[in-house]
J.: 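Below is one structure. I have some questions about it.
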Number of protein chains: 2
Amino acid sequence: MAKKRFTAEERYAQIVKVAMRLFSQKGFKGTTTREIAKEAGISEAIIFKHFAKKEDLYSAIIDMQCNDKQGQSFLMRRLEGKEGRDVFREIAAFLIQMHQEDPTFMKLLMFSALEGHKLSDIFIRTRAIETLDYLAKHIARLIKQGSFKKTDAYIAARAFMGMVLHYSMTQEIYGMKRFFRTPVTKVVNIFVDIFFEGMEAH
Amino acid sequence: MAKKRFTAEERYAQIVKVAMRLFSQKGFKGTTTREIAKEAGISEAIIFKHFAKKEDLYSAIIDMQCNDKQGQSFLMRRLEGKEGRDVFREIAAFLIQMHQEDPTFMKLLMFSALEGHKLSDIFIRTRAIETLDYLAKHIARLIKQGSFKKTDAYIAARAFMGMVLHYSMTQEIYGMKRFFRTPVTKVVNIFVDIFFEGMEAH
DNA sequence: ATATATAGTAAGCACTTACTCACCACAGGA
DNA sequence: TCCTGTGGTGAGTAAGTGCTTACTATATAT
């Protein structure tokens with residue numbers, strides 16, 4: 001029961017972490033500073049020692065998320081050596097699994113977009129476009145080498161990401177998982193097969 | 001400048017309309033009853049003459065949206081006589097165009113899902129599942145008659161809806177339309193072609 | 001015209017919100 | 001041992017918040 005005295009850095013990081021969790025659960029406007037303080041086990045006042053305004057917590061979250069390239073590079077490492085459908089399978093499985101295990105960031109991003117905060121904007125301008133670029137360039141390469149049909153690589157990339165991300169969103173946020181509980185690998189395989197071969201019988 | 005005296009019904013409908021617009025712009029928690037009153041040009045008290053609690057405005061919106069089958073039947077009528085890819089083209093174009101013209105309902109639904117209100121839940125349990133059923137059954141029919149490959153019709157339906165709805169969402173809510181402005185018909189054709197033929201060169 | 005029902009209001013209640021300020025506790029160098 | 005810097009708090013404040021009350025204005029039926 002020893003109440004440790006945190007250093008400023010530790011406390012700062014802890015507050016951001018708690019705030020992120022609560023914002024993703026109840027939105028920026030739906031979360032009170034009292035609540036953050038309570039969850040962090042401190043008084044409200046010390047939040048305002050670290051962050052001049054509640055809004056500043058959002059900026060701190062952005063910094064944290066955009067500097068944490070962990071997930072991104074983790075995926076890249078898993079893609080190494082993969083070819084053909086396996087590249088797409090890996091991406092889809094990674095995204096669906098990640099959001100299934102912890103939908104925090106997806107929710108935070110949605111709240112941010114709806115409430116008009118900068119987080120979603122910055123995320124879109126950097127990470128989202130980046131990922132889309134990566135996929136579109138991969139597709140463009142496959143088109144150039146003749147294994148994919150000629151079409152707009154960016155729209156194709158968005159089609160694929162759309163299947164995957166909308167599936168995650170409906171499962172985790174709209175609660176579709178109450179009605180549909182297909183194993184991830186099966187879903188992924190169907191998505192990738194549709195993306196490669198289409199539905200039409202040859 | 002004659003300030004007309006509304007009947008109870010007229011006023012009720014007007015308040016719901018204003019509330020829906022504001023909730024979709026700023027969320028339930030982000031909208032105050034004062035604001036609704038101001039926008040409707042009335043005093044706050046009369047909102048509470050019609051709705052006992054602020055929460056009841058949500059129920060009224062649900063009723064309005066779920067009883068307004070206009071859009072649904074409008075789409076069904078447009079689908080009559082269509083075959084093959086045109087069915088899917090029509091659905092995709094309808095959804096993308098609708099959300100482009102007025103993203104109000106999409107936003108409201110997202111807020112509702114995130115804030116944990118009943119609207120999204122009821123909508124999912126009725127309209128969303130209904131639409132998914134329609135599409136899945138259509139796909140199942142195509143599978144049975146041999147023009148589509150054998151696969152899980154519901155996952156396939158969600159793949160298609162995912163492409164379309166995630167595209168709308170990223171365009172209108174995450175602001176992707178600042179970066180990508182492809183004509184709707186082109187996007188729709190690419191999506192439907194991918195869904196039918198896939199990306200692989202034969 | 002008068003009565004009555006109902007649309008509508010001004011003002012405020014009890015409570016919550018983000019944010020502040022005067023103050024305390026204690027590790028560590030002098 | 002006494003300072004001093006820093007982590008931390010209790011008790012506020014002004015500006016909202018949902019919701020209520022006691023009241024007024026006006027359309028309609030008699």
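This structure is a prediction, so every number in the text was calculated from the model and none was measured. Here is how names work: the chains are called A, B, and so on, in the same order as the sequence lines, proteins then strands, and each is numbered from 1.
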J.: Could you tell me the separation between the CZ atom of B/Arg5 and the P atom of D/dA27, rounded to a whole number of Å?
T.: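 Checked: the CZ to P distance equals 6 Å.
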
J.: At a heavy-atom distance below 4.0 Å, what parts of residues 15-26 of chain B sit against DNA chain C?
T.: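 Close to the strand, none.
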
J.: Using whole Å, report how far CZ of A/Phe6 lies from P of D/dG7.
T.: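 After rounding, the gap between these two atoms is 13 Å.
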
J.: Apply ring-ring contact (aromatic ring centres under 6.0 Å, His included) to B/Phe88 and B/Phe191, showing your working.
T.: CA-CA 9 Å; B/Phe88 292 84; B/Phe191 283 173; over 10 Å; no

J.: Please output the side-chain donor-acceptor pairs of residues 179-187 of chain B that fall under 3.5 Å, not counting sequence neighbours, one pair per line with the distance.
T.:
none

J.: Roughly how many Å is it from NZ in A/Lys38 to C1' in D/dG10, rounded to a whole number?
T.: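 Whole-Å distance recorded here is 17 Å.
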
J.: Just checking B/Lys49: base, sugar-phosphate only, or nothing, at a heavy-atom cut-off of under 4.0 Å?
T.: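 The answer is base, as B/Lys49 lies within the cut-off (heavy atoms under 4.0 Å) of a base atom.
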
J.: Nearest whole Å is fine: how far is C/dA7 C1' from B/Glu10 CD?
T.: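 Distance check: B/Glu10 CD to C/dA7 C1' gives 11 Å.
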
J.: From the list D/dT9, D/dT20, C/dA18, which nucleotide is the closest neighbour of the side chain of B/Ala45?
T.: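 Side chain of B/Ala45 sits closest to D/dT20.
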
J.: Any base atoms under 4.0 Å from B/Arg11, or only sugar-phosphate, or nothing? Heavy atoms, all strands.
T.: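 The residue B/Arg11 makes sugar-phosphate contact but no base contact.
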
J.: Counting side-chain heavy atoms from C-beta on, which of C/dG8, D/dC19, C/dT9 comes nearest to B/Ile42?
T.: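 That would be C/dT9.
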
J.: Which of the following nucleotides, D/dG18, D/dG7, C/dA18, is nearest to the side chain of A/Ala8?
T.: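 So the side chain of A/Ala8 is nearest to D/dG7.
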
J.: Please state how far atom CG in A/Leu57 lies from atom C1' in C/dC19, giving the value in whole angstrom units.
T.: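 Atom CG in A/Leu57 sits about 13 Å away from atom C1' in C/dC19.
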
J.: Assign A/Ser43 to base, sugar-phosphate, or nothing according to its heavy-atom contacts below 4.0 angstrom with the strands shown.
T.: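 Base contact - A/Ser43 has a heavy atom under 4.0 Å of at least one base atom.
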
J.: Checking side-chain polar atoms at under 3.5 Å, does B/Thr104 have a donor or acceptor matched by the opposite partner on B/Arg21?
T.: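 No, because no side-chain N or O of B/Thr104 sits under 3.5 Å from a partner of the opposite role on B/Arg21.
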
J.: Counting heavy atoms not belonging to B/Glu83, are there more than 12 under 6.0 Å from its CD?
T.: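 Open.
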
J.: Walk me through whether A/Tyr134 and A/Met76 qualify under side-chain contact (heavy atoms from CB on, under 4.5 Å).
T.: CA-CA 10 Å; A/Tyr134 175 86; A/Met76 292 302 166; 3.9 Å; yes

J.: Would you give the length of the straight line joining atom CD1 of A/Ile36 to atom NZ of A/Lys54, rounded to the nearest 0.5 angstrom?
T.: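 One finds 6.5 Å between CD1 of A/Ile36 and NZ of A/Lys54.
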
J.: From CD of B/Glu44 over to P of C/dG8, roughly how many Å is that when rounded to an integer?
T.: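 Those two atoms, CD and P, are 16 Å apart.
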
J.: Which nucleotide wins on minimum distance to the side chain of B/Lys53, given the candidates C/dA18, D/dG7, D/dC19?
T.: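 Within the option list, the nearest is D/dC19.
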
J.: In whole angstrom, what separates B/Gln14's CD from C/dA7's P?
T.: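 After rounding, the gap between these two atoms is 14 Å.
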
J.: Which comes earlier along DNA chain D counting from the 5' end, the contact point of B/Thr33 or that of A/Thr7, where each point is its nearest nucleotide?
T.: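 The residue whose closest nucleotide sits nearer the 5' end is A/Thr7.
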
J.: With a 4.0 Å cut-off on heavy atoms, is A/Ile47 in touch with a base, just the backbone sugar-phosphate, or nothing at all?
T.: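 The answer is nothing, as A/Ile47 stays clear of every strand by at least 4.0 Å.
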
J.: Whole Å only: how far is the NZ atom of B/Lys54 from the P atom of C/dC15?
T.: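 In whole Å, C/dC15 P and B/Lys54 NZ are 19 Å from each other.
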
J.: So which heavy atom on B/Ser120 is nearest to which on A/Tyr174, and how close?
T.: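 Nearest pair, atom of B/Ser120 first, then A/Tyr174: CB-CD2, 4.5 Å.
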
